[in-house]
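The shown structure was predicted, so the numbers you read here are calculated from the model rather than taken from an experiment. For ligands, and for the atoms within them, numbers begin at 1 and follow the listed sequence.
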Amino acid sequence: MSLKILIAASEVVGFAKTGGLADVAGSLPRALAARGHQVAVVMPYYRCVRLGRIPIERTHHVIPVPVGLRTLACRLYRATLPDSQVPIYFIDQPEYFDRDDPAAGKGLYQQNMPGGYKADYPDNAERFVFFSRAVLETAHSMSFIPDVIHANDWQTGLVPVYLNEVFRTRPQYENTRSIFTIHNIAYQGMFGPDVMNLTTLPGWLFNHAQLEFHGRFNFLKAGLVFSDVVNTVSPTYSREIQTPEYGCGLEGLLRVNRMKLFGIMNGVDYDAWNPATDKHIAANYDDATVFDVKPKLKAALQARYKLPLEPDKPLLGVVARLVSQKGIDLILSAAPGFLDMGCQMVFLGEGDPEYHNELIQFRDKHPKQVGIFLGYDESLAHQVEAGADLFLMPSRYEPSGLNQLYSMKYGTPPVVRSTGGLADSVVGATQETLAAGTATGFSFGEYTANALYQTIKWAVTLYRDRPKDFQQVVRTAMKQDWSWYRSAGDYERLYLRVLGR
Ligand code: ADP
Ligand code: GLC
């Protein structure tokens, strides 16, 4: 049965991206369309969309969107997702979205402040109140009345609220259902209570069972409470967030709502992330040729990071937003140990200025072993995945994680902490899993530098002294199939369930 599905997200790969949400919002719609559904995507018309490589078409649709006491006009722009017929609509409102400029330190949600600190834009609440409301107005204006509206993360948390409180009274929307996906519960979009005025929603919704969280306005909670089903991006994370350690204060609410909470692991877009066809790397390979080709790519990566071209030194790669989630502190604490073992390491990332400074000091102290690139670079991300021998992802928490899925495909076994989607996707090498031929990486449980160090040591032992075992891990990792086809099937079942079909 073909469904009409509207997907709203604050970033979509190819147009605007800060992390994995963009990858999901770009791939899931195409995978759903490939299964026969009618899908449309909505995102803001940021400056980077306007100036980007993909041609955008201006439509004649101009829709009025109320925010507080004002009604703003919003023009719709349109494109299709790359290699697909899936339409993507862009919501234009220059006051809110035409401001990002990496050269001036202005991102999608944050800007650099004097002293190197990043601060959220002061009007983020207003920007995403506007966006959430505009999502529904867009669908209406395009006469795309969805069976399911799928919202993602706090920026779209009010979409299910507007559906229930404003649009439900219109007969066309009587049967429309909503799903809300939590990609990261640590970012909840919390603001002062005055945001209520911006929403134009009835004031009585600001109560502790609905939009209020300890006196503040909470977008993510709004999405959770008002949507018909909620999911997170891996089964393990859906359980973890029901505990105080991972729930960021919302664990109680999630436990109460556990009957409508699901976990669906993210997939990979193997058109974009496949070493056999990747245009960002100097030579292509698959599981039959990986050991012939990888040395060239490793040398190229060492050269790019100005490291000595040492073919036999284990090269550890990291690609991550540099935030506490990603375990950068563990890597830095464990580093003396693994540098002593003769490892080299390369970082690609940007984020908190403290990590930038620490990484610069780390590199300056070990210029022959450590390379860093502080910034965002799509091609380099592919080159690190391909050229490194091991990929480090010792996350404190990880809702799903995509990089470990990419690194497996690239024959670069991930070294992960067993949490969230990392636990659900990586089979750590042990004597047993090696004997069974199921190991796809290396994993540890405790969030300590020593646990990470011991695990890297074990991986390096295999790399150096047990090459057959190491090669088996590489090949098994490369053979894993994390394509979207399966995850899109899980979403389809969830949509049908919420529609009662
Ligand atoms: P998260 O969404 O928490 O950042 P994921 O592993 O799900 O983590 O996805 C991260 C995505 O962002 C991957 O596609 C990764 O390659 C990309 N990425 C992160 N940092 C950078 C960077 N500095 N340059 C290029 N790509 C990056
Ligand atoms: C978040 C999570 C990451 C996940 C991504 C896409 O950014 O941190 O684990 O893969 O969303 O769902």
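Taking atom 7 (O) of ligand 2 as the reference point, the nearest protein heavy-atom neighbour is R321 NH2, 4.0 Å. In this structure, atom 9 (O) of ligand 2 lies nearest to the protein heavy atom E398 OE2, 2.5 Å. In this structure, atom 10 (O) of ligand 2 lies nearest to the protein heavy atom G401 N, 2.9 Å.
Distance alone, capped at 3.5 Å, places no donor-acceptor pair between the D389 side chain and the Y463 backbone. With hydrogens and angles ignored, the 3.5 Å screen pairs a side-chain donor or acceptor of T176 with a backbone N or O of P146. In this structure, S487 contributes its side chain and W484 its backbone to no donor-acceptor pair below 3.5 Å.
Between Q325 and ligand 2, a contact under 3.5 Å exists for at least one N or O pair.
A salt bridge links R396 with D329: the distance from a Lys NZ or Arg NE/NH1/NH2 to an Asp or Glu carboxylate oxygen falls below 4.0 Å. Between E446 and R417 there is no salt bridge, since no side-chain N of the basic residue sits under 4.0 Å from a carboxylate O of the acidic one. By the 4.0 Å N-to-carboxylate-O rule, D287 lies close enough to K479 to be salt-bridged with it.
When heavy-atom distances to ligand 2 are checked against a 4.0 Å cut-off, N266 comes that close only through its side chain, counted from C-beta outward.
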Taking a 3.5 Å cut-off between nitrogen or oxygen atoms, can you list every pair linking ligand 1 to the protein, with distances?
residue: ligand 1; atom: 2 (O); partner: G20; partner atom: N; Å: 2.6
residue: ligand 1; atom: 3 (O); partner: R321; partner atom: NH2; Å: 2.7
residue: ligand 1; atom: 3 (O); partner: K326; partner atom: NZ; Å: 2.8
residue: ligand 1; atom: 4 (O); partner: R321; partner atom: NE; Å: 2.7
residue: ligand 1; atom: 6 (O); partner: L402; partner atom: N; Å: 2.9
residue: ligand 1; atom: 6 (O); partner: N403; partner atom: N; Å: 3.2
residue: ligand 1; atom: 7 (O); partner: L402; partner atom: N; Å: 3.2
residue: ligand 1; atom: 8 (O); partner: K326; partner atom: NZ; Å: 3.1
residue: ligand 1; atom: 9 (O); partner: G20; partner atom: N; Å: 3.3
residue: ligand 1; atom: 14 (O); partner: K17; partner atom: NZ; Å: 2.8
residue: ligand 1; atom: 14 (O); partner: D23; partner atom: OD2; Å: 2.7
residue: ligand 1; atom: 16 (O); partner: N403; partner atom: OD1; Å: 3.3
residue: ligand 1; atom: 23 (N); partner: G375; partner atom: O; Å: 2.8
residue: ligand 1; atom: 24 (N); partner: D377; partner atom: N; Å: 3.0

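R35 CZ: more than 12 foreign heavy atoms inside a 6.0 Å radius.
Here atom 11 (O) of ligand 2 lies nearest to H183 when heavy atoms of E11, H183, M265 are compared.
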